[in-house]
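Keep in mind that the numbers below use all heavy atoms, side chains included, and drop hydrogens, waters and symmetry copies. Atoms within each ligand, like the ligands themselves, are counted from 1 in listed order.
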Amino acid sequence: MPTTITLVRADITTQQVDAVVNAANSSLLGGGGVDGAIHRAGGPAILEACRRLRDTAYPGGLPTGGAVATAAGLLPARHVIHVVGPVYRRDEDRSALLRSCYVEALRVADELEARTVAFPAVSAGAYGWPLADAARIAVTTVHETASSLTEARFVLFDDRALRAFESAH
Ligand code: ADP
C-alpha cells in the first residue's frame, strides 16, 4: 500500500500515531523546540532511554543525519524516533544530511513495524534551515523513499510552516 502524506497544524506531542519523530540534537539529552516539548510531555522515561543509548551505542552522541528509537513514555505514540538534523549553512550544501534524517527515520519506523509516523519540520527551527527548502526536502524524501508506512504525517506548529508544506506537497 502506498504511503499517504498528510499535513496538519498541531503540537506533535498530541499525535495518535505509532511513532513520532523528534528533531533532537546529537547529545540526545534534550533541548528546546520539538525536543523540549517531547521530553516535557513524555516524562522522564524518554530521557532515561536516551541516557542508556549514550552509555551504550552512542557514547559520542548520535551523528547528524542518524536516527534511533526509544520508548515514548506518556505520549500517545508508542515510539519516539530521534533524528539529528543538520544546522543550516549558507556556504555548504548539507541537504544530504537533512534527507538522511527522513530516510533513516523511515528505516527505523519499518524496523519497529510502525505504520503511522508523525514528523516535525526537522532543522527548520533553531537549526535555521529556510522553511520552504526544508519543506521541499522533507516532502520529496518521504515521497521517494520506500517504506511500509500507511501514513506519514507532517505536523506543523504554525500557519507559516503549514503553508510551506502545502506548497511543497
Ligand atoms: P531544529 O533544531 O531541528 O531546527 P526545532 O525543534 O527548533 O528543531 O524546530 C523544528 C520545527 O518544529 C520548527 O518549525 C518549530 O516551529 C517546530 N516545533 C516546535 N515545537 C513543536 C511542537 N511541539 N510540535 C510540532 N512542531 C514544533
Leu47: which other cluster members, linking ILVMFWY side chains closer than 4.5 Å, directly or transitively?
Leu29

Heavy-atom contacts with [X] under 4.0 Å: which atoms of ligand 1 show up? List them by number with element.
X	answer
Ala23	3 (O), 8 (O)
Ala121	10 (C), 11 (C)
Ser123	1 (P), 3 (O), 4 (O)
Ala37	23 (N)

Please confirm whether the ring centroid of Phe119 lies under 6.0 Å from the ring centroid of Phe154.
yes

For [atom], find the nearest protein heavy atom and state the residue, atom name and distance (0.1 Å precision).
atom	answer
atom 16 (O) of ligand 1	Phe157 CB, 3.9 Å
atom 9 (O) of ligand 1	Gly125 CA, 3.2 Å
atom 12 (O) of ligand 1	Val34 CG2, 3.2 Å
atom 23 (N) of ligand 1	Asp11 OD1, 3.0 Å
atom 7 (O) of ligand 1	Ala126 N, 2.8 Å
atom 24 (N) of ligand 1	Ile12 N, 2.9 Å

So does Arg107 have more than 12 non-hydrogen atoms from other groups sitting under 6.0 Å from CZ?
yes

Residues, nucleotides or ligands: over 12 heavy atoms within 6.0 Å of Glu92 CD:
yes

Should the pair Glu48-Arg51 be classified as a salt bridge under the 4.0 Å nitrogen-to-oxygen rule?
no

Could you tell me whether the side chain of Thr150 and the main chain of Arg115 form a donor-acceptor pair under 3.5 Å?
yes

Whether the side chain of Asp18 engages the backbone of Val117 through a donor-acceptor N/O pair (distance < 3.5 Å, no angle test) should be reported.
no

At a non-hydrogen distance cut-off of under 4.0 Å, which region of Ala161 contacts ligand 1 (side chain, backbone, both, or neither)?
neither

Do ligand 1 and Tyr127 have nitrogen or oxygen atoms that lie under 3.5 Å from each other?
yes

After noting the C-alpha distance and the side-chain angles of Asp55 and Arg52, does the key distance pass the salt bridge (Lys or Arg N to Asp or Glu O under 4.0 Å) rule?
CA-CA 5 Å; Asp55 289 343; Arg52 280 196 296 278; over 6 Å; no

